[in-house]
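Both counts, for ligands and for their atoms, begin at 1 and track the order of listing.
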Amino acid sequence: MENAAVKGKRIAAGKAIEYIKGGMTLGLGTGSTAYWAIQGIGEMVKNGLSVKAVATSEQSEALARELNIPIIPFSEVGQLDITIDGADEVDRGLNLIKGGGGALLREKIVAAVTKFYIIIVDESKLVEHLGKFPLPVEVVPFAWELTERKLAALGCTPRMRMAGDKPYLTDNSNYIFDCSFGRIEDPAGLHRRVSDITGVMEDGFFIGMADIVVSGTADGGARVIERGKL
Ligand code: 5RP
């Protein structure tokens with residue numbers, strides 16, 4: 001049987017794709033929630049909807065191609081009309097922690113050129129304060145030990161993400177450090193300090209980027225949350 005989180009994700013995705021209209025250029029997110037949105041868009045394309053898309057990971061691009069969603073090169077993208085993506089945590093200001101699935105850099109590049117950025121989550125992702133979920137930070141492999149030390153000096157415990165006995169590699173061939181800060185009082189300030197470290201490619205803070213968050217519940221309901229209304 002489908003568990004509560006999976007149902008919440010599926011319901012949120014189903015609500016979010018209602019914002020899509022023919023002729024739009026879309027950004028496709030990454031992860032187990034974005035999966036449902038891509039499936040839904042695939043179904044809409046099968047039923048005659050005409051859209052184009054770019055993806056935030058090789059995995060999502062492969063899924064989109066399987067579903068015959070037309071993928072265009074980034075050279076053809078000016079602005080994206082809508083991007084639908086998941087998140088690991090969402091606070092009351094609709095600030096996010098993302099990157100649990102390792103695609104944070106591409107996700108942020110895509111989010112930055114998106115007119116209407118929709119985040120889809122099951123309700124367990126809505127939090128009072130960010131930080132229970134360790135902040136993913138994408139780091140260039142060169143001299144990673146120095147970068148790790150600088151991250152630790154900000155007051156966290158950085159853990160290199162592993163794939164078996166080797167460092168996990170992002171689609172951009174970088175490493176990820178999952179940084180446990182505990183409760184984060186000032187996400188924007190911490191984002192600036194993490195970003196200032198040379199060797200950091202990007203962090204998982206998405207501050208003030210989400211336009212709406214759609215949260216799905218196990219009882220089949222979907223809540224659309226606008227900034228300041230969580
Ligand atoms: C990938 C992400 C995902 O959106 C985030 O980790 C949420 O994943 P899921 O929908 O599987 O819970 O940021 O980099």
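Looking from atom 2 (C) of ligand 1 to the surrounding protein, the closest heavy atom is E107 OE2, 3.3 Å. Scanning the protein for heavy atoms near atom 10 (O) of ligand 1, the closest one is T33 OG1, 2.5 Å. Remark: minimum distance from atom 11 (O) of ligand 1 to any protein heavy atom is reached at S32 OG, 2.5 Å. Closest to atom 12 (O) of ligand 1 among all protein heavy atoms lies K125 NZ, 2.8 Å. For atom 8 (O) of ligand 1, the nearest non-hydrogen atom of the protein is D88 OD1, 4.0 Å. Scanning all protein heavy atoms for the shortest distance to atom 3 (C) of ligand 1 gives T30 O, 3.3 Å.
Heavy atoms of S57 found under 4.0 angstrom from ligand 1: none, in either backbone or side chain. Contacts of V121 with ligand 1, taken as heavy-atom pairs under 4.0 Å, are absent altogether.
Nearest heavy-atom pair across G101 and Y168 is O-OH, 3.4 Å. For the residue pair G100 and R161, the shortest heavy atom distance occurs at O-NH1, 3.0 Å.
Proximity of a side-chain donor or acceptor of N47 to a complementary backbone N or O of E43 within less than 3.5 Å is detected. When atom types are taken as modelled, the side chain of K7 and the backbone of A218 share a donor-acceptor pair closer than 3.5 angstrom.
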Exercise. Given salt bridge (charged side-chain N to carboxylate O under 4.0 Å, His left out), test E128 with R92 step by step and report yes or no.
Key: CA-CA 7 Å; E128 198 68 35; R92 284 177 179 275; 2.9 Å; yes
Quiz prompt | Full working for salt bridge (charged side-chain N to carboxylate O under 4.0 Å, His left out) between K98 and E107 | solution = CA-CA 9 Å; K98 286 181 51 54; E107 289 173 333; 3.1 Å; yes
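For ligand 1 and G31, the ligand atoms under 4.0 Å from any heavy atom of the residue are 11 (O). Near G86, the atoms of ligand 1 lying under 4.0 angstrom from a non-hydrogen atom of the residue are 4 (O). For ligand 1, the atoms closer than 4.0 angstrom to any heavy atom of A103 are 14 (O). The distance from ligand 1 to the heavy atoms of D85 drops below 4.0 Å at these ligand atoms: 4 (O).
At least one N or O atom of G100, backbone or side chain, sits closer than 3.5 Å to an N or O atom of ligand 1.
Using a 4.0 Å cut-off between charged nitrogen and carboxylate oxygen, E145 and R149 do not count as a salt-bridge pair. For R183 and E185, the salt-bridge test passes: some basic side-chain N is under 4.0 Å from an acidic carboxylate O.
Side-chain heavy atoms closer than 4.5 Å link hydrophobic residues (I, L, V, M, F, W, Y) into clusters, and following such links, possibly through other members, connects L49 to I38. Residues L26 and I17 share a single hydrophobic cluster, defined by chaining ILVMFWY side chains whose heavy atoms lie under 4.5 Å apart.
When G99, G101, S124 are checked for heavy-atom proximity to atom 13 (O) of ligand 1, G99 turns out nearest.
Ligand 1 has G102 within reach: a non-hydrogen atom of the residue lies less than 4.0 Å from it.
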